[in-house]
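Naming: A, B, ... by sequence-line order, numbering from 1 per chain.
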Amino acid sequence: MNKVLAREQLSADVVMMRVEAPLIARERRPGQFIILQLNNEFGERIPLTIADADPVEGSITLIFQTVGLTTHKLADKRVGEFIESVLGPLGQPTHIEKFGTVVCVGGGIGVAPLHPIAKGMKEAGNKLIVIMGARTKELLVLEDQMRNLADELIICTDDGSVGRKCLVTEPLKEVCGRRPKPDLAVAIGPPIMMKFCAEATRPFAVPTVVSLNTIMIDGTGMCGGCRVTVGGHTKFVCVDGPEFDGHQVDFDNMMKRLRAYKPHEDKAHHQCHLESEIELKEKKQL
Amino acid sequence: MSHSSPDILMDAARRDLDAVIKRDKPLTPKERLAIPCQEMPAQDPAVRRGNMQEVALGYSPEQARLESMRCLQCKNAPCVAGCPVGIDIPGFLKAAAEGDFQSAIEVIKRNSLLPAVCGRVCPQEVQCQEHCTVGKALKDVNRAVSIGRVERFVADLERERGAAQAPVIHPETGKKVAVIGSGPASITVAADVRREGHKVVIFEAFHKPGGVMVYGIPEFRLPKRIVQEEIDALTAMGVELHTNFVVGRTRRLKDLMEKDGFDAVFIGTGAGLPKFMGIEGENLVGVFSANEYLTRSNLMRAYDAARADTPIYRSRKVAVLGGGNVAMDAARTAVRLGAAEVYLVYRRTEVEMPARVEEIAHAKEEGVIFHYLENARRICGDDQGCVTSLECVRYELGEPDASGRRRPVEIKGSEFMMEVDTVIVAIGNDSNPLIPRTTDGLKITKWGNIIVDETGKTSLDRVFAGGDIVLGAATVILAMGEGRRAAASINAKLRE
Ligand SMILES: Cc1cc2nc3c(=O)[nH]c(=O)nc-3n(C[C@H](O)[C@H](O)[C@H](O)COP(=O)(O)OP(=O)(O)OC[C@H]3O[C@@H](n4cnc5c(N)ncnc54)[C@H](O)[C@@H]3O)c2cc1C
Ligand code: FES
């Protein structure tokens with residue numbers, strides 16, 4: 001049983017929650033995630049990245065978008081209420097060292113898991129460029145936090161309501177074209193965004209790390225439900241990942257697998273439309 | 001096998017038992033051999049295809065007595081040699097034959113901690129029953145004394161009557177032992193170590209304890225409440241249980257010992273790493289490991305679609321790859337979830353199938369279609385990445401190899417397509433590497449199994465291991481036996 005210590009609505013559909021989890025707070029490192037379950041009898045298990053942790057208070061911070069059944073129910077939890085199961089920290093921590101210049105790209109809610117990595121990269125002595133993107137101004141999260149960290153911050157929105165009116169791949173390509181080029185790119189966001197970020201950096205040969213958020217059950221390597229194809233090999237995201245070489249990930253297969261259980265046909269349809277829209281936009285830009 | 005209604009079986013047993021009891025002379029061996037084998041009452045196949053309830057309903061008292069009377073009480077007791085934990089089988093059958101079921105269960109419990117579970121899931125036909133003289137005399141191992149069914153009966157009876165005695169626990173020693181995992185190996189260690197007065201804490205990664213017995217083996221074969229009662233018995237003894245705790249991540253093994261003050265650790269983390277075939281198309285939508293499929297259905301209760309949040313793939317035609325218990329469980333679960341056709345694809349023939357004979361028989365009764373001497377070669381999908389068919393190839397049995405087993409060899413050019421929308425891979429499990437990877441100095445084999453000596457000790461001081469993590473995917477009874485051995489070593493070590 002893990003108590004909700006604080007709850008804040010970051011935007012219409014994004015919630016930040018601080019949850020009591022002293023053991024996880026003590027052990028976790030950037031890049032790791034938890035699996036939570038609201039009800040041990042009939043609840044489903046969903047992975048969420050740990051956005052931050054406070055070992056003194058014994059808490060972890062989760063930032064999530066209400067997209068499905070469990071995230072909606074989670075968003076309804078009030079301070080003082082409990083989450084039945086929280087398991088973690090899971091996955092391999094991010095490899096953090098002094099690379100030189102690191103460009104961190106966050107799309108939508110992906111900025112939340114990106115934040116501790118950006119922080120780690122900065123603390124390790126890297127020059128930090130942050131590119132943040134969202135559909136519209138209201139959906140931009142952690143802007144101030146990123147501004148405090150970054151040596152350079154680029155904001156883009158699909159509708160131009162704040163920052164540049166473009167997809168994150170546009171400034172990413174510009175940054176990759178600079179001399180000297182960045183030594184590492186880290187991209188976290190919707191799969192389609194990560195796919196095109198990897199495509200954007202590929203011609204510049206900038207190593208690109210992506211963090212995958214697949215369907216999971218156990219999170220310990222027991223079921224294989226989270227598997228993805230990376231460089232022609234099968235990998236389990238929960239134990240081998242969640243971070244992989246973006247240039248090697250088979251994103252198309254991953255996106256199809258993510259849709260395996262879309263409960264309503266029309267919902268799946270909608271998702272497909274969204275993705276093909278972005279795909280079209282991207283193709284035009286490339 | 002044709003299905004006989006439970007009422008008919010029980011009536012027949014009542015009549016037969018009356019006839020035997022009326023006699024004043026003891027039964028001769030010949031008469032014992034003439035007592036009919038007691039068939040297990042079971043749910044009608046047509047009905048059980050649509051529910052998750054237990055298939056085998058259990059003997060009536062009369063059936064249990066009659067079946068026990070079939071035992072010839074051989075002096076050399078070959079059955080005992082076939083039992084991995086050496087239960088005094090003639091001893092408990094003798095008591096059961098006399099109707100003294102309480103004594104019977106007490107005899108079993110001297111060696112086994114989980115009789116209600118083992119009575120249901122042990123592969124008796126290759127253990128105790130394989131060696132049974134009755135089976136030999138009748139020239140059919142399936143007509144040996146049904147030792148497991150009687151075991152189940154006396155265990156269930158004791159539980160239902162609430163007659164089980166709480167074990168005596170020695171005064172607290174102040175020592176504490178960490179038990180990692182909560183499958184049969186760990187349950188056994190926890191009970192045996194706690195009895196000595198040591199504090200015991202179980203760490204389980206899942207939200208529910210029981211290991212494969214709750215996430216893998218389906219309700220229709222092993223009801224969850226039976227496992228839960230074993231866990232309740234542990235907590236009643238004062239064993240502490242921490243779920244949602246994955247050792248190696250939430251806490252490293254060495255920290256448990258060096259920082260948290262555990263005097264000894266038992267690793268019983270099982271063989272939880274699903275193997276895949278390594279064939280084309282294995283990551284398509286609609287391909288699952290049996291572990292995933294069964295976990296969704298069992299542990300996450302996806303079969304109860306009205307109440308469970310966890311979804312499970314709705315399939316029309318399913319191919320299950322493999323021939324063990326895991327494959328049978330997956331196939332029979334798919335039947336229950338409403339698949340129109342379920343194929344089981346196995347490389348060898350029925351004789352070589354490692355599954356329990358009863359499971360094979362039940363699967364057939366439930367309409368699973370068996371494809372022997374065939375193997376999957378490639379999985380094909382549509383433009384949405386969903387499975388549409390399975391390419392298979394035919395095999396024949398070749399010359400016997402060194403072990404005497406005839407190896408299946410591929411028949412060139414025999415490829416053919418099987419139209420399916422779901423493929424479940426059930427070809428076995430390897431060991432989960434998490435603990436070895438996060439524990440320096442813990443020695444493992446090249447297959448990832450933890451290496452232990454004859455006392456169950458690993459390469460690290462005060463760290464023991466047992467069950468599937470040591471043996472590779474094996475059985476409940478072997479896991480229990482390994483747990484017994486490790487617990488004895490831990491207790492001896494803590495006495496030093
Ligand atoms: C579908 C299926 C059907 C089977 N049918 C039969 C049968 O009919 N008869 C039979 O005898 N055997 C059967 N078996 C095999 C039998 O279940 C196993 O041999 C037995 O359960 C092994 O016991 P164990 O205690 O070693 O581990 P398990 O039962 O595997 O339990 C291990 C536990 O450890 C936990 N764990 C793993 N890593 C960690 C960690 N790092 N930290 C904390 N916890 C961890 C796991 O979550 C799990 O709960 C079957 C297996 C399967 C999968
Ligand atoms: S979530 Fe089950 S193996 Fe990764």
To check you understand the geometry: which heavy-atom pair defines the closest contact between [X] and [Y], and what is its length?
| X | Y | value |
| --- | --- | --- |
| A/E44 | B/P311 | OE1-CD, 4.2 Å |
| B/P274 | A/G221 | CD-O, 3.5 Å |
| B/V285 | A/A260 | CG1-CB, 3.6 Å |

Checking heavy atoms, do the side chain of [X], its backbone, both or neither come under 4.5 Å from chain A?
| X | answer |
| --- | --- |
| B/R437 | side chain |
| B/L273 | both |
| B/Y293 | neither |
| B/D430 | neither |
| B/V425 | neither |
| B/L294 | neither |
| B/D304 | side chain |

Just wondering, more than 12 heavy atoms not from [X] lying within 6.0 Å of its [atom1]?
| X | atom1 | result |
| --- | --- | --- |
| B/K275 | NZ | yes |
| A/R7 | CZ | yes |
| B/K317 | NZ | yes |

**Request:** Report the option among A/T70, A/V86, A/I46 that has the most heavy-atom pairs separated by less than 4.5 Å from atoms of chain B.
**Result:**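 Top option by heavy-atom pairs under 4.5 Å: A/V86.
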
What is the distance from atom [atom1] of [X] to atom [atom2] of [Y], rounded to the nearest 0.5 Å?
| X | Y | atom1 | atom2 | value |
| --- | --- | --- | --- | --- |
| A/I24 | B/R251 | CD1 | CZ | 13.0 Å |
| A/L87 | B/H207 | CG | NE2 | 10.5 Å |
| A/N40 | B/T243 | CG | OG1 | 7.0 Å |
| A/R28 | B/R249 | CZ | CZ | 14.0 Å |
| B/N244 | A/Q37 | CG | CD | 7.5 Å |
| A/L23 | B/T250 | CG | OG1 | 7.0 Å |

**Prompt:** Does any heavy atom of chain B fall under 4.5 Å from the side chain of A/L38, the backbone, both, or neither of them?
**Reply:**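 Contact with chain B involves no heavy atom of A/L38 at all.
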
**Request:** Heavy-atom distances under 4.5 Å only: say whether A/I217 touches chain B with side chain, backbone, both or neither.
**Result:**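 Just its side chain gets close to chain B.
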
Please check this pair: side chain of [X] against backbone of [Y], looking for a donor-acceptor N/O pair closer than 3.5 Å.
| X | Y | answer |
| --- | --- | --- |
| B/N432 | A/T220 | yes |
| B/S289 | A/C223 | yes |
| B/N291 | A/M222 | yes |
| A/R227 | B/E282 | yes |

**Asked** Can you list the steps and then say if B/V246 with A/L90 is a side chain to side chain contact (heavy atoms under 4.5 Å, CB included)?
**Response** CA-CA 9 Å; B/V246 51; A/L90 303 171; 3.9 Å; yes

**Message:** I'd like to know if B/R301 and A/E41 make a salt bridge, using a cut-off of under 4.0 Å between side-chain N and carboxylate O.
**Reply:**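 Yes, charged N to carboxylate O under 4.0 Å.
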
**Message:** Contact between A/R45 and B/F206 at the side-chain level, heavy atoms closer than 4.5 Å - yes or no?
**Reply:**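 The answer is yes; the side chains approach within 4.5 Å.
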
**Asked** Do B/M300 and A/F42 touch side chain to side chain, with heavy atoms closer than 4.5 Å?
**Response**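 No - every pair of side-chain heavy atoms lies 4.5 Å or more apart.
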
**Request:** Using a cut-off of under 4.5 Å on heavy-atom pairs, state which of B/Y313, B/F245, B/F276 scores highest against chain A.
**Result:**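 It is B/F276.
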
**Request:** Quickly, which of A/T229, A/D250, A/N253 forms a side-chain hydrogen bond (donor to acceptor under 3.5 Å, both in side chains) with B/N283? Name it, please.
**Result:**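 With B/N283 as partner, side-chain hydrogen bond (donor to acceptor under 3.5 Å, both in side chains) holds for just one option, A/T229.
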
**Request:** Measure up the A/Y261 and B/F288 rings against each other and bin them: parallel (under 30°), tilted (30 to 60°), perpendicular (over 60°).
**Result:**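 Taking B/F288 first and then A/Y261, their aromatic rings sit tilted (interplane angle of 30° to 60°).
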
